Amino acid sequence: MSKTKSGKRSQSFLKGAMVLGSSMIIVKLMGMIYKILLSNQFGGVGTGLFNSAYALYNPLFMLSTAGFPIAISRMVSESVTKNRYRDVKQIHRVSVPIFVIAGCLCFLAMVLGSFIYIKLINADNAIFAMLCLSPTIFFGCLMSIYRGYFEGMRNMVPTAISEIIEAACKLFLGLAASLLVTKYGMGQYAKTGYVFGVKCANEIEAQSAIIPIAIGAAITGISVGSLLGFVFLFIRYKKGGDGITAEELKSSPKPRRAGTTLRIMVKTAIPIGLGSIIMSLADMIDSTLVQIRINNIMQTDPKALLDVYGSLIPDNVYYANETHTFLYGCYGIALTLMMLVTAVTQVFGTTALPSVTAAWTSGNKIQLKKSMETVMRVTTLVTIPSGIGMSVLAEPLLSMIYHGSGVADEVEIGSKVLTVMGISVIFIATSTPLCSMLQAIGRMDVPLKLFSVGMIMKIIVYYVLVGIPQINIQGANIGSIVCYGFVTVVALFVICRETKIIPDFISIFVKPLIAGLICGAAAYFSEIFFDMFFKQRIATILAVVTAIVVYLIALLLLKAIKREDVLQMPKGNKIVKILEKRKLIE
């Protein structure tokens, strides 16, 4: 733990990142298990319905929060740096009605919008998933009141615990609910030949009729988790407080007027929120375009698309006119792995915001440069090897985690998607912390402008390429590379221009890239080698372990890890001494 000017104890960037990162790994692993089990049970169509619900949910949730959690985090961090603790308290009071009202309005918007959206994507069965997910918007808004506040105080623990509560409910309650619905539905079919009032000619039709209801039941666990996550944060704030003492409040300057605080909050939040809203809208447009364009192919030239996939598209899916939902589900299967990487770097962005804000506010150029370089370096040390590894091990990785015999076709299609997606994840995951740093130095407008241009670029690429039968869903990956590649490069340029700081690009990009390429080669060839002696799952695990070891060795030999990075880790002093003794760190 480090101390602010007031002596308050707070978490450094890496320690905060490790707290959120550790919880995020737990959360994402639970999420992966949840999605894997759902996909194994309900296949590409079920995955497509699940992802369609989130395609509508994400922009509405972003609209409901509208950048306010980040604005609150930034304002709280800035106020703590200046010892304005009464302002910190007032920021919290002002934020409560904003989130309550926004949560109610966007909850209603999702309920009503669901009936329109299902017609747009030609997926009436998605309505159950969308309606079951809608309460999550309201409870998510309530959680945002406290998450942004605690993060601004550089206390990442409450956020981490609330996320784990959400994930646990999603995994255990959601899966239990979906299994109960499936068991009940199949029991109905066995007795009456009907499933939820629908006459089914055979077991395949019965299973197809159950999928939409079961996916809705699974999503109910997410809504319950968001409720319990909010309850935890509320009790934590009421019982545990925020660490501000009565003495600090007494010595703090008189707070700004509530109206002034609100204006600053809105002024800070709007450009941040619009950027997030635009990208969430872009994701919804992506989901919509992918399904619309593939559905168009199936209406005009189905043979061209069937020539690409052959028998990988099941007959019951084809004749039920669900090919577009099925292929979107295959894309979603690959997306599950990618989101693990982007979630980790989102943590870096969240924890970087207060650290970079404090350095920028205090005018400490040396600390600002160190903070910026640490964020960028840690980000690329994760994103580059992860992206390359996904590309070279796409098929064995998906085969290992999606092992159900009923999803073999989805895995084969998804592995081709993941091969290209691995490259896009490098840019997607790297852009998030860079945009967080722009927000930290007061340029909240830049991410908005970059995402707006990037969204337009992506939509154009999507519309053109997804409509080509030979490319179809791969066009989504190419669009992401174009969009986020642009955002990453320009965001980095603006950061350097605004701060007048030129980071060490060799240690940030070149060395991790070299080590990442070595890691990818180790993964590829070791998988081939181990596959000759072991079953595929064991061979894949051994290949991943080998690649990680080779990558760490490459980083040390290239001296890609800096002394200050290690010092901020637990037992950092001891690790530094060991590495310095072997001349493996600068």
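Numbers here are sequence positions counted from 1. Quick caveat, the model's predicted, so the values are computed rather than measured.
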Visitor: Using modelled atom types only, decide if a donor and an acceptor are shared between the side chain of E410 and the backbone of G44 within a distance under 3.5 Å.
Guide: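 Yes; at least one donor-acceptor contact below 3.5 Å.
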
Visitor: Closest heavy-atom contact between L434 and A491?
Guide: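 In terms of heavy atoms, the two residues are closest at CB-CB, 4.2 Å.
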
Visitor: Does a side chain donor of either S134 or Y57 reach within less than 3.5 Å of an acceptor in the other side chain?
Guide: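 No, because no side-chain N or O of S134 sits under 3.5 Å from a partner of the opposite role on Y57.
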
Visitor: Take T47 and T325, measure what side-chain contact (heavy atoms from CB on, under 4.5 Å) needs, and give me the verdict at the end.
Guide: CA-CA 8 Å; T47 305; T325 306; over 6 Å; no

Visitor: Given the rule in the side-chain contact (heavy atoms from CB on, under 4.5 Å) test, do R443 and R497 qualify, once you have shown the distances and angles that lead to the verdict?
Guide: CA-CA 11 Å; R443 289 306 308 268; R497 186 190 66 188; 4.0 Å; yes

Visitor: Before giving the answer on side chain to side chain donor-acceptor pair (under 3.5 Å), spell out for T540 and Q536 the whole-Å C-alpha distance, their side-chain angles and the decisive distance to 0.1 Å.
Guide: CA-CA 6 Å; T540 302; Q536 187 183 55; 5.4 Å; no

Visitor: To the nearest 0.5 Å, how far apart are CD1 in I478 and CE in M421?
Guide: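 The CD1 atom of I478 sits 12.0 Å away from the CE atom of M421.
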
Visitor: Will you find, in the side chains of T379 and T430, an N or O donor that is under 3.5 Å from an N or O acceptor?
Guide: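 No.
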
Visitor: Cation over ring, R293 on Y462, under 6.0 Å and within 45°?
Guide: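 No; the conditions do not both hold, so R293 does not lie above the ring face of Y462.
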
Visitor: Is atom CZ of F509 surrounded by more than 12 heavy atoms (other residues, nucleotides or ligands) closer than 6.0 Å?
Guide: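 Buried by this count: over 12 neighbours within 6.0 Å.
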
Visitor: Does this structure show an ion pair linking D124 with K119, if we count only N-O contacts that are shorter than 4.0 Å?
Guide: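 Yes.
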
Visitor: Would you indicate whether the side-chain heavy atoms of F99 and M143 approach each other to under 4.5 Å?
Guide: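 Of all side-chain heavy-atom pairs linking F99 with M143, none is under 4.5 Å.
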
Visitor: How close do R377 and S507 get, heavy atom to heavy atom, and via which atoms?
Guide: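 The pair with the smallest heavy-atom distance is NH1-OG, 3.4 Å.
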
Visitor: Could you check whether any side-chain heavy atom of I518 comes within less than 4.5 Å of a side-chain heavy atom of Y551, counting everything from C-beta outward?
Guide: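 Result no, sub-4.5 Å side-chain heavy-atom pair not found.
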
Visitor: For residues P302 and Y318, report the shortest heavy-atom separation together with the two atoms involved.
Guide: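 So the minimum-distance heavy-atom pair works out to CB-OH, 4.3 Å.
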
Visitor: Looking only at atom types and distance, does a side-chain atom of K458 sit under 3.5 Å from a main-chain N or O of C483, one as donor and one as acceptor?
Guide: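 Answer holds: no.
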
Visitor: State whether the number of non-hydrogen atoms from other residues, nucleotides or ligands found under 6.0 Å of I116 atom CD1 is greater than 12.
Guide: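 Check fails, neighbour count at 12 or below.
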
Visitor: Test T419 against S391 for side chain to side chain donor-acceptor pair (under 3.5 Å), laying out the working first.
Guide: CA-CA 4 Å; T419 300; S391 291; over 6 Å; no

Visitor: Of the non-hydrogen atoms in P512 and T380, which two are nearest, and what is the gap between them?
Guide: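 So the minimum-distance heavy-atom pair works out to CG-OG1, 3.7 Å.
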
Visitor: Work out which heavy atom in A218 is nearest to a heavy atom in S178; give both atom names and the distance.
Guide: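 Closest pair (atom of A218, atom of S178, distance): CB-CB, 3.9 Å.
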
Visitor: Minimum heavy-atom separation for S480 to S424, with atom names?
Guide: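 Shortest heavy-atom contact: CB-CB, 4.1 Å.
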
Visitor: List the steps, then state whether side chain to side chain donor-acceptor pair (under 3.5 Å) holds for S208 with E322.
Guide: CA-CA 11 Å; S208 296; E322 293 181 325; 5.6 Å; no

Visitor: Under 3.5 Å, is there a donor-acceptor pair between the T488 and S431 side chains?
Guide: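 No, because no side-chain N or O of T488 sits under 3.5 Å from a partner of the opposite role on S431.
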
Visitor: Closer than 3.5 angstrom, by distance alone: can the side chain of H324 be matched with the main-chain N or O of N122 as a donor-acceptor pair?
Guide: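 Side chain of H324 to backbone of N122, a donor-acceptor pair under 3.5 Å: yes, one is there.
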
Visitor: Could you tell me if the side chain of V466 sits less than 4.5 Å from the side chain of I473, heavy atoms only?
Guide: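 Side-chain contact under 4.5 Å: no.
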
Visitor: If you measure from OG1 on T136 to CD1 on I219, what distance do you get to the nearest 0.5 Å?
Guide: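 Taking OG1 in T136 and CD1 in I219, the distance rounds to 8.5 Å.
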
Visitor: Working to the nearest 0.5 angstrom, can you tell me the gap between T383 OG1 and L513 CG?
Guide: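 Atom-to-atom, T383:OG1 and L513:CG are 10.0 Å apart.
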
Visitor: Can you check side-chain contact (heavy atoms from CB on, under 4.5 Å) on I222 and Y54, steps first, answer last?
Guide: CA-CA 11 Å; I222 299 174; Y54 264 94; 3.2 Å; yes

Visitor: Nearest 0.5 Å please: distance from the CE atom of M30 over to the CG atom of L171.
Guide: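 One finds 6.5 Å between CE of M30 and CG of L171.
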
Visitor: How about V489 and F493: do any of their side-chain heavy atoms sit closer than 4.5 Å?
Guide: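 No. Closest side-chain heavy atoms not under 4.5 Å.
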
Visitor: S223 versus C132: any side-chain heavy-atom pair under 4.5 Å?
Guide: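 Result no, sub-4.5 Å side-chain heavy-atom pair not found.
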
Visitor: Do we see a donor-acceptor contact under 3.5 Å between the side chains of Q474 and N477?
Guide: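 Their side chains do contain a donor-acceptor pair, which is all the 3.5 Å distance test asks for.
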
Visitor: Return the CD1 to CD1 distance between I423 and I384, rounded to the nearest 0.5 Å.
Guide: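 It comes to 10.5 Å.
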
Visitor: Can you confirm whether more than 12 heavy atoms, excluding those of F486, are under 6.0 Å from its CZ atom?
Guide: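 Yes - once you tally the heavy atoms of other residues, nucleotides and ligands closer than 6.0 Å, there are more than 12.
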
Visitor: Under a 3.5 Å cutoff, is there a donor and acceptor pairing between the side chains of Y309 and N472?
Guide: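 Yes, a side-chain donor-acceptor pair sits under 3.5 Å.
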
Visitor: Heavy atoms, side chains only, cut-off 4.5 Å: are I118 and N125 in contact?
Guide: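 Side chain of I118 against side chain of N125, heavy atoms only: no contact under 4.5 Å found.
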
Visitor: Just checking, is any N or O donor in the side chain of S162 or E166 under 3.5 Å from an acceptor N or O on the other one?
Guide: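 No.
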
Visitor: Under the side-chain contact (heavy atoms from CB on, under 4.5 Å) test against Y402, which residue among L397, L37, N40 passes?
Guide: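 The residue from L397, L37, N40 that satisfies side-chain contact (heavy atoms from CB on, under 4.5 Å) with Y402 turns out to be N40.
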
Visitor: Side chains of Y328 and L335: closer than 4.5 Å at any heavy-atom pair?
Guide: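 The answer is no, as the side chains (C-beta and beyond) never meet within the 4.5 Å cut-off.
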
Visitor: Quick one: pull up CD1 in I127 and CG in L49 and give me the separation to the nearest 0.5 Å.
Guide: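 So the CD1 of I127 and the CG of L49 are separated by 11.5 Å.
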
Visitor: Is there side-chain contact between M110 and S114, with heavy atoms separated by less than 4.5 Å?
Guide: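 Counting from C-beta outward, M110 and S114 do come under 4.5 Å.
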
Visitor: Run the side-chain contact (heavy atoms from CB on, under 4.5 Å) test on L398 and I401 for me, step by step, so that the C-alpha distance in whole Å, both residues' side-chain angles and the decisive distance to 0.1 Å come before the verdict.
Guide: CA-CA 5 Å; L398 289 183; I401 62 177; 4.2 Å; yes

